[in-house]
Amino acid sequence: MNNRILWGILGTGKIAHQFAAALRHLPGAELGAVGSRSSDSAQRFADEFGIPRRYGSYAELVNDPQIEVIYVATPHSCHAGNSRLALNAGKAVLCEKPFTINVAQARDVIGLARERKLFLMEAMWTRCFPLMDKLRWLLASGAIGEARQLTADFGFRAGHRDEPRLFGPEFGGGALLDVGVYPVSMASLLFGPPTRIVSAANLGATGVDEEAAMILTHRGGELAVLHTAIRLDTAQEAIITGTQGRIRI
């Protein structure tokens, strides 16, 4: 039986390069094609990673009959449209985080995947760390009793010239969508979806949130206190506090 899965990468930016390099280490995975908005970019990317087929449009990539799953690696604001393009072509989709830039887009894309009965997943890579398997085991074993609170942050200092996509509203910029999704995902992993949200943000000159803070209340009364930034270097840690101890990551 051939268990090989043939991947296509949609986009040729920084994250696409990291994903292509990592895919080489995954047994049974093969990078078969890449698609970009320009033929030159697709050619350079394909030459770097030894990809046999390279396309100068996203439509050509998703309609490649040999490709089984598409990794969407475009800017945040393009995720919904690119995911729909691949799903409508009958492809499974792994979409880089943030999944979309708002809940309406998320519901639309998820609805299409369910309608087409196709695999769809957000590439929330922190969920896949071996560390998270250890964390789940510790919590299930009662190592800290009942987990009741999470304090977590993710922030770094970026320059407007160095990272224009982070500060451009047209790209879905801002701290929450770029790195704030990580502590929010951690809260969801631990306590499930929130039942109440209180939040505040500092909007910079371009209109995106340069710093943001959130308090999430969950079904059992658990609390998550989270903050994020793209203009500040934060501690980048998570502390889970339970009735009999705590875990620091």
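Note that the structure is predicted; figures quoted are calculated from it, not measured.
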Mind running side-chain contact (heavy atoms from CB on, under 4.5 Å) on V34 and Y55 for me, showing each step along the way?
CA-CA 6 Å; V34 61; Y55 298 109; over 6 Å; no
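The closest side-chain donor-acceptor pair between T241 and R148, if any, does not fall under 3.5 angstrom.
No donor-acceptor pair closer than 3.5 Å links the side chain of D233 to the backbone N or O of G155. Without hydrogens or angle criteria, N82 side chain to L10 main chain gives no donor-acceptor distance under 3.5 Å. The backbone N or O of E146 lies less than 3.5 Å from a partner atom in the side chain of T243, making a donor-acceptor pair. Formation of a donor-acceptor pair under 3.5 Å by the S188 side chain with backbone atoms of P193 is not found in this model. Here the side chain of T206 pairs no donor or acceptor atom with the backbone of G168 at under 3.5 angstrom. K91 contributes a side-chain N or O that, together with a main-chain N or O of I67, makes up a donor-acceptor pair within less than 3.5 Å. Remark: the backbone N or O of G172 is paired with a side-chain donor or acceptor of H76 at under 3.5 angstrom. Listed for the K97 side chain is a donor-acceptor partner under 3.5 Å among the backbone atoms of D178. A donor-acceptor pair under 3.5 Å links the side-chain atoms of D153 to the main chain of Q236, judged by distance alone. Under a 3.5 Å cut-off, the side chain of N88 and the backbone N or O of R84 do form a donor-acceptor pair.
R248 has a carboxylate O that lies under 4.0 Å from a charged side-chain N of E237, or vice versa, which qualifies the two as a salt bridge. Using a 4.0 Å cut-off between a side-chain N of Lys or Arg and a carboxylate O of Asp or Glu, D133 and R136 qualify as a salt bridge. Checked for salt-bridge contact, E30 and R4 meet the test: a charged N lies under 4.0 Å from a carboxylate O.
The aromatic rings of F45 and H17 stand perpendicular to each other, their planes meeting at an angle above 60°, with 30° marking the opposite boundary. Aromatic ring orientation, F129 versus W125: perpendicular (interplanar angle above 60°, classes split at 30° and 60°).
Taking OG1 of T74 as the reference point, atom OH of Y58 lies at 5.5 Å (rounded to 0.5 Å).
Annotation: R24, atom CZ; neighbour count of heavy atoms from other residues, nucleotides and ligands within 6.0 Å is above 12. When the shell of 6.0 Å around CZ of R37 is examined, it contains 12 or fewer heavy atoms from other residues, nucleotides or ligands.
Nearest heavy-atom pair, N63 versus A89, reported as atom, atom and distance to 0.1 Å: OD1-CB, 4.0 Å.
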